[in-house]
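Atom set for the values below is all heavy atoms of this structure, side chains included, hydrogens, waters and symmetry mates excluded. Quick note on labels: first sequence line is chain A, next is B, and so on, each numbered from 1.
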Amino acid sequence: MLPKLEYSSPKTLEELFEVLEKYQEKAKILAGGTDLLVSLRDRVEKARHLVDIKKIKELDRLEYRKGEGLIIGATVTLRRILESQLIREKYPVLWEAVKTIGDVILKNRATLVGNICNASPAADSAPALLVLEANVRIVSKEGSREVPIDKFFTGVKKTILRSGEVVKEVVVPEPPSNSFGRYLKMMRVWSEDLAIVGVAGLGYREGRELRVRLAYSSVAPTPLRIREAEEAFTRDGTMEERIERAVQVASQRVSPISDVRGSAEYRLNLVKVLTRRLLKQMVEVV
Amino acid sequence: MEKKKITFKINGVEKTVEVAPNKTLLWLIREELKLKGTKKACERGDCGLCTVLLNGEPVKSCLVLAVEVDGSEIVTVEGLSRDGELTELQKAFIEHGALQCGFCTPAFLIVGHWLINRNPRPSKEEVVEALNGLLCRCTGYRPIIEAILSVSKAKK
Amino acid sequence: MKYVGKPIQRIDAYEKVTGFAEYAGDLELPGMLYAKLLLSPYAHARIRSIDISNALKIQGVVTIATGEDFPFRVGLYVNDRYILARKKVRWIGEPVAAVVAEDLETAEEAVELIRVEYDPLPPVLDVRDALKHDAPLVHEELGEYAHSPAFNPIPGTNIANRFVVKKGNIEDGFRKSDVIVENEFFMPQVSHVPMEPHVCIGQYLKDGSIKLWTSAQSPFAIRYILGYSLGIPLHKISVYVPYVGGGFGGKAGINFEPLVALLSKKAGYRPVKLELTREEQFMTAPVRQGFYGKIKTGVTRDGRIMAKKIFYAFDAGAYADYGVNIGRAAGYSCTGPYYVPNLEGESLTVYTNHPWGTAFRGFGHFEFLWAIERQMEIVAAEIGMDPVEFRLKNALLPGLTTATGEKLREDAGRVDQCIRAVAEKIGWGTPPVKISSSKVRAKGIAALWKAPAMPPNAASAAIIKLNEDGTILLSVGVTEIGQGTVTALAQIVAEELSVPVEKIKVVPFRHTDLTPYSWQTVASRNLFMEGRAVIRAARDAKEQILDIASQVLRTPKDDLVIEDEKVYVKGRPEWSIYLKDLAAGYVYPDGNTIGGPIIGRGYYVGSRLTYLDPETGQGYPALKWTFGAQAVEIELDEETGEVKILKIVSAFDVGKAVNPLLVEGQIIGGGVQSLSLGMWEEYRYDENGKMLNPNLTDYKIARAGDIPEEYEIVVIENPQKDGPYGARGVAELAMLSVPPAVANAIFHATGININNLPLTFENIWRALNKGE
């Protein structure tokens with residue numbers, strides 16, 4: 001059963017900030033609840049005052065603005081993201097990553113912002129947001145700040161969020177024109193699972209030059225973008241050499257652990273195999 | 001722990017109850033309202049056997065707080081058939097042998113109904129995807145998939 | 001036939017699709033209390049002290065029990081289990097104390113406040129280590145345990161049972177062999193994962209009687225063991241079983257029922273409910289035993305098996321009260337469905353400090369068939385023979401003798417037909433196909449057999465009552481755990497008495513006070529045994545009906561026919577009487593009445609079954625053998641180890657499919673369960689024996705997206721003459737031998753032999769990359 005809890009459901013950001021100020025570390029944001037309720041039940045989560053943000057209208061935004069990009073509010077469910085034809089076409093790497101999170105039923109509750117705030121190394125949306133160079137808009141009583149997603153995660157289940165701060169939305173900028181994005185995820189089964197390893201890739205042309213961005217889940221304490229591998233790919237050589245160089249660099253930069261979902265060696269192999277497959281597709285498509 | 005008063009509709013009937021904030025929607029349905037068709041089997045969102053419709057959408061009721069459903073509408077397996085007349089999908093489950101021990105059947109029916117209402121002609125892949133959130137240990141799933149597809153075909 | 005052989009819909013379906021089917025966890029009794037268990041954090045330790053004082057202070061706590069409160073041992077075949085751990089704990093997850101409180105939340109809160117001091121002991125966490133002469137003993141008092149005479153525990157060791165089978169002359173057999181192949185095989189412990197975790201409610205009454213409401217397969221076994229262990233006469237124990245949300249063996253024997261009964265007594269005779277969480281289901285409910293096997297096969301160049309030396313060791317975990325019979329069953333079936341003229345087999349059931357094992361659908365056969373069917377493939381490759389041809393050449397056919405010296409009856413099922421059927425449907429004989437730089441498609445085959453593992457006196461019974469309107473009530477002891485037996489039994493009644501199935505009700509619950517005896521709902525025995533009992537009960541009722549009708553119609557009995565709910569004179573259908581008019585006695589127009597309520601009864605026990613010789617294992621253990629074969633086509637990704645199952649073909653010789661819809665349901669459901677168990681499922685432990693994946697997030701079972709794209713079923717019907725309408729059981733058989741078929745396909749794709757389960761993608765990748 002869940003531990004004894006208190007619950008509030010503010011209707012505005014102002015009310016939200018008040019609650020957060022009052023309860024400090026005891027407070028925890030409740031959006032979809034699909035991760036939070038499990039960690040409360042397991043007594044891993046210590047907060048005992050849940051602040052349900054689903055009634056705050058401002059957090060419900062899912063919109064695309066030409067030039068600015070895509071805005072995904074804190075209470076936007078994965079289901080809504082998947083139903084957006086625009087996201088599917090314009091941000092396929094994000095769409096694919098979101099598709100692999102949980103299952104159809106969980107997606108009715110789970111949110112993208114929750115996925116990143118939970119800060120699991122296995123968060124599937126994180127590598128996609130990393131290669132899309134998304135920004136996280138954080139608000140608090142004191143004001144707001146915008147942080148690039150690659151500065152957001154600080155450790156296993158840890159983010160830069162300070163007490164009293166809330167993620168209002170994630171802003172995903174316009175991807176480079178004619179880019180191609182994919183998320184490859186290895187699971188223990190075919191149906192649905194947490195990632196043993198996930199790799200997001202974004203490929204695009206800078207002039208005639210093919211550029212790639214690569215980011216990973218479940219290979220380090222945080223979701224990880226590996227710029228060194230991207231650069232290794234950019235240097236001279238045949239496509240095959242460039243791919244292999246990127247694969248090598250990526251495999252040196254990851255620090256996977258062995259756990260019940262996969263051993264470090266297997267994860268390392270998957271980093272190589274999935275990176276290679278992803279880059280080959282980039283080369284073919286972009 | 002202060003109890004909260006919530007009002008909601010379940011299977012078409014309006015209810016007002018007082019509930020502690022640490023109680024789940026699953027607890028509300030089974031323990032408070034005594035609707036035992038919704039099953040408890042993992043309480044962490046893995047098995048999906050507690051799935052009900054919340055405002056028309058399937059949710060795993062073990063991962064929703066009871067206080068969150070204030071003002072909402074809930075449908076459980078008991079609310080699927082009217083006056084004892086089985087729905088087409090319930091009949092199809094029986095015809096296709098889509099149930100054995102029956103413990104997961106309510107959840108599969110809830111998701112099946114939702115799927116067909118939303119998308120009268122789902123592909124096999126869409127059916128499988130919708131069912132991936134639920135576990136069954138008896139049937140091997142194929143008869144369930146066939147039962148849902150047979151109803152969608154009948155609707156053409 | 002009008003009803004038997006027809007795909008009739010399940011008779012329990014309406015309740016199950018409307019959510020009104022009653023399961024034990026749905027029950028609430030007046031004054032009911034809730035129990036919560038404290039589980040051991042050590043795999044092996046002495047209990048120094050238990051301090052419950054703080055927990056007792058919580059408001060709403062009614063009582064707390066520890067092992068010392070209940071000095072009783074229970075068990076199905078060996079009395080090796082206390083109700084709660086006493087003096088020692090033997091696995092991480094063993095119940096040490098139980099809190100009983102007014103509500104579950106309070107019980108959960110209080111259980112956290114119990115303080116236990118332990119003196120850790122060295123644990124035994126591998127079945128091979130447990131057999132070493134200096135291994136720590138899991139049960140020092142093994143010699144004191146009461147046990148059934150069919151078993152042979154060895155005090156001073158961890159061996160709970162040693163079963164030996166000897167046939168022919170093994171030295172001679174190996175001498176005559178051209179090639180000798182020896183291999184080792186392994187399989188971890190796994191969980192039944194019934195969708196409904198264990199749940200039971202017990203009430204002890206002040207007059208010394210006990211009432212139980214439980215999710216269990218075998219109410220009569222519970223009643224008997226409880227009575228025996230607590231010294232309570234059986235008429236004072238009532239066991240009620242509503243619908244069961246999946247059992248698969250895990251709810252056979254006796255589990256938490258004694259605990260709730262005794263907790264009720266300690267809690268002032270109020271009913272006490274214990275409902276396991278999913279984590280507790282993994283940690284503290286019984287599991288399927290782990291397995292280690294070593295097989296040495298001697299074979300001639302032309303493919304004749306001359307000799308086999310077989311060693312099986314089952315990792316029984318902490319207790320083996322039921323588990324001893326799994327090792328025994330695997331022992332007497334140890335050859336698989338093949339003729340082996342010279343044999344030495346040894347099958348041990350071994351205590352370790354793992355979770356305790358119990359029955360699991362397949363009962364040891366899933367385990368040893370993994371070894372046998374892998375070994376068959378390896379041997380075939382060794383002598384350069386096609387594995388299908390090799391299997392056919394050594395198939396155990398009617399007239400040949402089994403391991404225990406039983407000559408296979410002339411109307412036995414035909415494994416050769418099953419093997420041929422799956423080979424044909426899978427398109428056997430084509431080489432593996434490379435479909436991309438990393439992906440290859442290949443096929444594999446494996447065969448199987450099993451007989452019910454049960455004591456020779458296992459019995460079944462049935463009662464048929466005619467209602468006043470001519471409808472029928474059938475009472476049987478088999479529990480409805482999903483397998484659908486009761487629907488098939490209703491069809492048999494319909495056929496025998498010529499009454500439509502809709503007019504037959506099988507009493508939808510089991511209550512030991514009201515239900516006729518059935519030994520257990522296990523072993524794929526119930527269609528066969530209850531089926532025979534039902535036929536006899538129907539014929540008994542029929543005799544009574546004809547007795548009365550004969551008087552009313554003034555015609556000898558042998559000139560009467562029962563058809564369409566009427567009795568009539570042969571050739572004179574107009575001279576008839578409705579069943580309803582004689583169901584409770586026939587009333588003449590003047591009020592004179594003859595006859596009375598019609599109640600038919602029947603029973604069945606196996607014919608000429610024997611205990612097995614303790615030295616040689618020879619004898620007659622098998623009511624019937626069911627044979628089958630599985631074939632798969634897989635797609636393997638050699639870079640990641642991913643295996644996709646494109647197709648499964650299953651063939652079984654079921655004798656007679658009484659209900660083809662139910663037979664197919666068992667076969668597909670069993671096949672997917674078999675696949676799931678073989679590919680993904682495993683208890684993962686840390687170095688202290690703690691389970692690392694006690695939830696369905698990390699203990700993966702197949703979901704809809706994991707099943708084969710295609711599933712083809714071949715039902716073969718060579719009737720067994722003493723089976724009901726020729727039928728044999730199939731429910732357990734359905735889940736045998738899919739994993740070896742997959743591993744055999746991987747072997748054909750890559751030349752790599754994988755002999756350890758599970759076939760996770762990672763394990764496959766490891767096997768393929770061993771050399772690098």
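To the nearest 0.5 Å, atoms CG (B:Asn22) and CD (C:Glu105) are separated by 4.5 Å. Atoms CD1 and CD, from C:Ile668 and B:Glu146 in turn, are 6.5 Å apart once rounded to the nearest 0.5 Å. With rounding to the nearest 0.5 Å, the separation of SG in B:Cys136 from CZ in C:Arg703 is 11.5 Å. Going from atom SG of B:Cys101 over to atom CD of C:Gln483 covers 10.5 Å, rounded to the nearest 0.5 Å. Atoms SG and CG, from B:Cys47 and C:Asn695 in turn, are 11.5 Å apart once rounded to the nearest 0.5 Å.
Between B:Lys124 and C:Glu709 there is no salt bridge, since no side-chain N of the basic residue sits under 4.0 Å from a carboxylate O of the acidic one. In summary, C:Asp26 and B:Arg30 engage in a salt bridge, as defined by a charged side-chain N under 4.0 Å from a carboxylate O.
Heavy atoms of B:Leu109 lying under 4.5 Å from chain C belong exclusively to its side chain. When heavy atoms are compared at a cutoff of 4.5 Å, B:Thr139 approaches chain C solely by way of its backbone atoms N, CA, C and O. Contact of B:Leu35 with chain C is not made at all, since no heavy-atom distance falls under 4.5 Å. Looking at C:Val193, the atoms closer than 4.5 Å to chain B (heavy atoms on both sides) sit in the backbone and in the side chain alike. In this structure, no portion of C:Ile648 lies under 4.5 Å from any heavy atom of chain B. With a threshold of 4.5 angstrom between heavy atoms, C:Glu28 approaches chain B through side-chain atoms but not through N, CA, C or O. Residue contact with chain B, scored on non-hydrogen atoms closer than 4.5 Å, involves the backbone and the side chain of C:Tyr711 alike. The part of B:Glu43 that comes within reach of chain C is its side chain, from C-beta onward, which places non-hydrogen atoms under 4.5 angstrom from that chain. If you measure heavy-atom distances from C:Ile701 to chain B, the contacts under 4.5 Å come from both the backbone and the side chain. For a residue to count as touching a neighbouring chain, one of its non-hydrogen atoms must lie under 4.5 Å from one of that chain's; by this rule C:Glu279 touches chain B with the side chain only.
In terms of heavy-atom pairs under 4.5 Å with chain C, the best-connected choice from B:Arg44, B:Lys40, B:Glu78 is B:Arg44. Per-residue counts of heavy-atom pairs under 4.5 Å with chain C were compared for B:Asn132, B:Val127, B:Ile145, B:Val128; the largest is that of B:Asn132. Put simply, of C:Pro708, C:Gly482, C:Pro197, the one with the most heavy-atom pairs under 4.5 Å next to chain B is C:Gly482. Per-residue counts of heavy-atom pairs under 4.5 Å with chain B were compared for C:Gln666, C:Glu15, C:Glu22; the largest is that of C:Gln666. Ranked by heavy-atom pairs under 4.5 Å with chain C, the list B:Leu135, B:Thr105, B:Leu99, B:Leu131 is led by B:Leu135. Put simply, of B:Lys91, B:Gln100, B:Arg137, B:Lys36, the one with the most heavy-atom pairs under 4.5 Å next to chain C is B:Arg137. Between chain C and the residues B:Pro143, B:Gly140, B:Gly37, the most heavy-atom pairs under 4.5 angstrom are made by B:Gly140. Note on B:Lys34, B:Glu125, B:Glu129: by heavy-atom pairs under 4.5 Å with chain C, the leading option is B:Lys34. The most heavy-atom pairs under 4.5 Å with chain B, out of C:Pro194, C:Gly705, C:Ala21, come from C:Gly705. The most heavy-atom pairs under 4.5 Å with chain B, out of C:Ala704, C:Gly247, C:Gly245, C:Gly670, come from C:Ala704.
When each of B:Leu80, B:Val77, B:Thr87, B:Leu86 is checked for a side-chain contact (heavy atoms from CB on, under 4.5 Å) with C:Val17, only B:Leu86 meets the rule.
Taking all atoms of both residues into account, the shortest heavy-atom contact from B:Phe103 to C:Tyr23 is N-OH, 3.4 Å. Closest non-hydrogen pair, C:Ala13 versus B:Ile94, comes out as CB-CG1, 3.5 Å. Among all heavy-atom pairs drawn from B:Cys138 and C:Phe248, the shortest one is SG-CZ, 3.7 Å. Considering every non-hydrogen atom in both B:Gly97 and C:Leu661, the closest pair reads N-CD1, 4.2 Å.
Counting heavy-atom neighbours within 6.0 Å of C:Lys647 NZ, excluding the residue itself, gives a total above 12.
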